[in-house]
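This report concerns only the one structure given below.
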Amino acid sequence: MMNPSKNNQNKYNAYIDEIIAKKKIFIREQCKAESLVHKQFIFLDLLKVANYYFYCIMFGSGTIHQELKLDKLLYLHGVNIFFDHVFCDFTEAQYAPTFLTKNVGRIHSFIKICGETGELERVQDYCKYNLVEYIGQSGNCLQFRFANKYMGLENFEILEGIARTERRLEIQRSEIDDIDSKKGNVIKQMEKYVYPWQKHFIGYDTNEIIDTYYFDIAKLYVERMFYFDCFNDNAEFGGIPYKIYSQCAILIISFAFKHIEYSRLLTRKHSGIDFINVLTINRDIAEMVDIFSRVCAISINDAKQIFDCFTLTYEKYNYHRKNIDYLIMPYVTVSKTQVVFNIVGALSGIYAFLLGELSRKFPKDWSRNISERESQFRKDIFKLFDDDLYIKIDRNLLIQSKGKTLTDIDGCIIEKETNQIAFLQLKWQEQYGDNIGRRQSRMQNFLNETNKWIDDMTEWLKESDKMKLASMLGLKEKQIDLD
């Protein structure tokens, strides 16, 4: 006989499959395009509305959240699905259209349908890998619950990240107060510089005071939201130091904050201009490369390489769809000569996309720098242990038995008082993106590798004596306790 739980699983899977199939038929119908230009219109319409609602999520009041019934995850899933159906090789077109987006409510509803489709696919993945379990049906609702009793490590890290951001905010308080004191003067200047372009769109100039103000805001924002140091400043990718890539990321974030404020100022002065039509704009690729070159004092070729690392093109699409959570990046190619500036990508997904690109474009540099990052990680760990109380071995050591290499040690710490030894093995975890299967696979690989390392070390220690271990570590026998 069939297992009842298996039978239930087959029933809800068939039910969800049917819903997903119907939704995707509807999505395909809505995304049908008669020409490449038509597809550009569809894609830009969707991106403009999605950006607007992400803006409302990030900056909107509680009242706006309630009125619009904002759901961040729904929109993120929606972006993934509509990219799947609409994004294509837009470089066959010389330019992208600039136009007024209308029927915002209808487009918003379509994005939500895309989001519902993406969420249903995610639920199926959760069930497939036993992260949630089906518990029954109530009316038209399928009911699920989390399979694990306790909070997962990823959720714990989210809460830890929130607490870290709050602490960083307190540390930055004096710098924030200093920036706030300049805001009034900066806004007055911006009001003079912003103007309507072609009646319904936005144009503005800037100056050093305005640019510096927003660059300083962006630096503090990066410290709070992207608090990790991904790589050493001097780590090179494609011959360019990581510091320059990071500087350009801050520059892009400053563009986003500045553009948002200019958009607010313009729509306050001109009630006939809709915020949704000025928030998301097309930019000339050559112009952006020139800005990167001038601001960062780098060559045009280097600026092109860096700008490409923040830009989604069709040839990169499959890679990033598999390897990052959601398709939110600063720039998306919409013609041969233009990109669309994606505000939410600049303020949220910028570092995830940059790291994905560096890994994709420069695999040898990535591998080398990951090894060097492990060295820095080891140094950071060692800083937690007092030199007066511990001996620290900060080098990689090969573990051999009978002439064969079993494994390696990335470092070890010896407590002086007890002579107890802690052996360290450091692992770098790659992004797994929106793919739950890849997540489970990497978790299982990590578990298998960890258990193998423990088994190999256990066997090796059984064969080792104090003299052998002391020689390998550069210590005296009396400094080691194998019991």
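Positions are given from 1 along the sequence.
Summarising the geometry of Ile281 relative to Val278, their closest heavy-atom pair is CG2-O, 3.5 Å, with the distance given to 0.1 Å. Residues His38 and Glu34 share a closest heavy-atom pair of ND1-N, 3.0 Å. Here the closest heavy-atom approach between residue Asn282 and residue Ala96 is recorded as ND2-CB, 3.7 Å. When all heavy atoms of Ile113 and Ile27 are compared, the closest pair comes out as CG2-CG1, 4.4 Å. Minimum interatomic distance between Thr267 and Ile273 (heavy atoms only, all atoms of both residues): CG2-O, 3.4 Å. Residues Val132 and Phe146 approach most closely at CG1-CD2, 3.7 Å, considering heavy atoms.
Between the side chain of Asp89 and the backbone N or O of Thr91 there is at least one donor-acceptor pair closer than 3.5 Å. With Ser367 contributing its side chain and Pro363 its backbone, the two residues share no donor-acceptor pair below 3.5 Å. Judged by distance alone, with hydrogens and angles left aside, the side-chain atoms of Asn103 form no donor-acceptor pair with the main-chain N or O of Arg106 at under 3.5 Å. A distance-only check finds a donor-acceptor pair linking the side chain of Asn51 to the backbone of Val344 [under 3.5 Å]. Between the side chain of Ser181 and the backbone N or O of Asp178 there is at least one donor-acceptor pair closer than 3.5 Å. In this structure a side-chain-to-backbone donor-acceptor pair under 3.5 Å is missing from Asn277 to His200.
Side-chain contact of Asn301 with Ser299: a donor-acceptor pair under 3.5 Å is absent, judged by distance alone. A donor and an acceptor atom, one from each side chain of Gln376 and Asn232, are nowhere located under 3.5 Å apart. Judged by distance alone, the side chains of Asn369 and Glu236 never bring a donor and an acceptor atom under 3.5 Å apart. Residues Glu357 and His320 have side chains that bring a donor and an acceptor to within less than 3.5 angstrom of each other. One side chain, Ser246 or Tyr351, offers a donor N or O that lies under 3.5 Å from an acceptor on the other. For the residue pair Thr101/Lys48, the side-chain donor-acceptor check at 3.5 Å is satisfied.
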Handout entry: side-chain contact (heavy atoms from CB on, under 4.5 Å) between Ile285 and Val289, intermediate numbers included
Key = CA-CA 6 Å; Ile285 295 172; Val289 168; 4.2 Å; yes
Problem - Residue pair Tyr75, His108: steps toward the ring-ring contact (aromatic ring centres under 6.0 Å, His included) verdict - result: CA-CA 9 Å; Tyr75 297 134; His108 179 219; 5.5 Å; yes
Exercise for the section: For the pair Arg268 and Glu191, evaluate salt bridge (charged side-chain N to carboxylate O under 4.0 Å, His left out) and give the outcome as yes or no after the intermediate values. Expected result: CA-CA 10 Å; Arg268 286 175 195 154; Glu191 286 175 336; over 6 Å; no
Exercise for the section: Just do the side-chain contact (heavy atoms from CB on, under 4.5 Å) check on Ile343 and Phe257 with the steps written out, would you? Expected result: CA-CA 9 Å; Ile343 296 293; Phe257 281 123; over 6 Å; no
Exercise for the section: Could you walk me through whether Val104 and Tyr53 pass side-chain contact (heavy atoms from CB on, under 4.5 Å), step by step? Expected result: CA-CA 10 Å; Val104 174; Tyr53 281 94; 4.2 Å; yes
Handout entry: Residue pair Gln198, Phe201: steps toward the side-chain contact (heavy atoms from CB on, under 4.5 Å) verdict
Key = CA-CA 6 Å; Gln198 292 188 0; Phe201 305 106; 4.2 Å; yes
Exercise for the section: Under the salt bridge (charged side-chain N to carboxylate O under 4.0 Å, His left out) rule, what do Glu287 and Arg283 come out as? Steps first, then yes or no, please. Expected result: CA-CA 7 Å; Glu287 178 190 3; Arg283 300 300 302 264; 3.1 Å; yes
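A salt bridge links Asp380 to Lys383: at least one charged side-chain nitrogen sits closer than 4.0 Å to a carboxylate oxygen. Comment: Glu170 does not engage Arg167 in a salt bridge, judged by the lack of any side-chain N to carboxylate O separation of less than 4.0 angstrom. A salt bridge is defined here as a Lys NZ or Arg NE, NH1 or NH2 lying under 4.0 Å from an Asp or Glu carboxylate O, and Asp211 with Lys258 meets this definition. Between Glu18 and Lys22 there is a salt bridge, since at least one side-chain N of the basic residue sits less than 4.0 Å from a carboxylate O of the acidic one.
Note: Asp45 CG to Ile107 CD1 = 4.0 Å, rounded to the nearest 0.5 Å. Residue Thr117 holds its OG1 atom at 12.0 Å from CD1 of Ile16, rounded to the nearest 0.5 Å. Note that CD of Glu116 is 9.5 Å distant from CG of Asp71, once rounded to the nearest 0.5 Å.
No close placement of the Phe82 and Phe110 rings is indicated, their centers lying 6.0 Å or farther apart. A ring-centre distance under 6.0 Å is not found for Phe310 and Phe353. Phe237 has its ring centre less than 6.0 Å from the ring centre of Phe231. Taking the six-membered ring for Trp, Tyr204 and Tyr193 have ring centres at least 6.0 Å apart. Aromatic pair Tyr134/Phe144: centroids less than 6.0 angstrom apart. Side-chain rings of Phe43 and Phe90 approach one another, their centers coming within less than 6.0 Å.
More than 12 non-hydrogen atoms from other residues, nucleotides or ligands lie less than 6.0 angstrom from OH of Tyr319. Crowding of Lys336 atom NZ: a count of heavy atoms from other residues, nucleotides or ligands under 6.0 Å not exceeding 12. Within a 6.0 Å radius of OH in Tyr52, no more than 12 heavy atoms belonging to other residues, nucleotides or ligands are found. Within 6.0 Å of CZ on Phe377 lie no more than 12 heavy atoms contributed by other residues, nucleotides or ligands. For Lys304, the NZ atom is loosely surrounded, since the number of other residues' heavy atoms within 6.0 Å does not exceed 12.
Looking at heavy atoms from C-beta onward, Leu76 lies out of side-chain contact with Val79 at the 4.5 angstrom threshold. Residues Arg224 and Leu169 form a side-chain contact, since some pair of their non-hydrogen atoms from C-beta on lies under 4.5 Å apart. Within the 4.5 Å cutoff, no side-chain heavy atoms of Ile300 are placed close to those of Phe292. Between Leu266 and Trp197 there is no side-chain heavy-atom pair separated by less than 4.5 Å. Contact check for Gln189 versus Ile209: side-chain heavy atoms found under the 4.5 Å cut-off. Using a 4.5 Å cut-off on side-chain heavy atoms (C-beta onward), Leu279 and Tyr55 make contact. In this structure, the side chains of Lys24 and Glu121 come closer than 4.5 Å at one or more pairs of heavy atoms. In this structure the side chain of Trp366 never reaches within 4.5 angstrom of the side chain of Arg360, judged on heavy atoms.
Taking the ring axis of Phe362 as reference, the NZ or CZ atom of Arg368 does not stay both within 45° of it and closer than 6.0 Å to the ring centre.
Considering Thr311, Thr333, Asp308 as possible partners of Lys316, the one that fulfils the side-chain hydrogen bond (donor to acceptor under 3.5 Å, both in side chains) test is Asp308. With Val86 as the fixed residue, the side-chain contact (heavy atoms from CB on, under 4.5 Å) test singles out one of Gln30, Lys39, Gln40: Lys39.
Between Phe307 and Tyr331, the ring-plane angle classifies as tilted under the 30° and 60° cut-offs. A perpendicular orientation is assigned to the rings of His259 and Phe341, their planes being inclined by more than 60° (bins at 30° and 60°).
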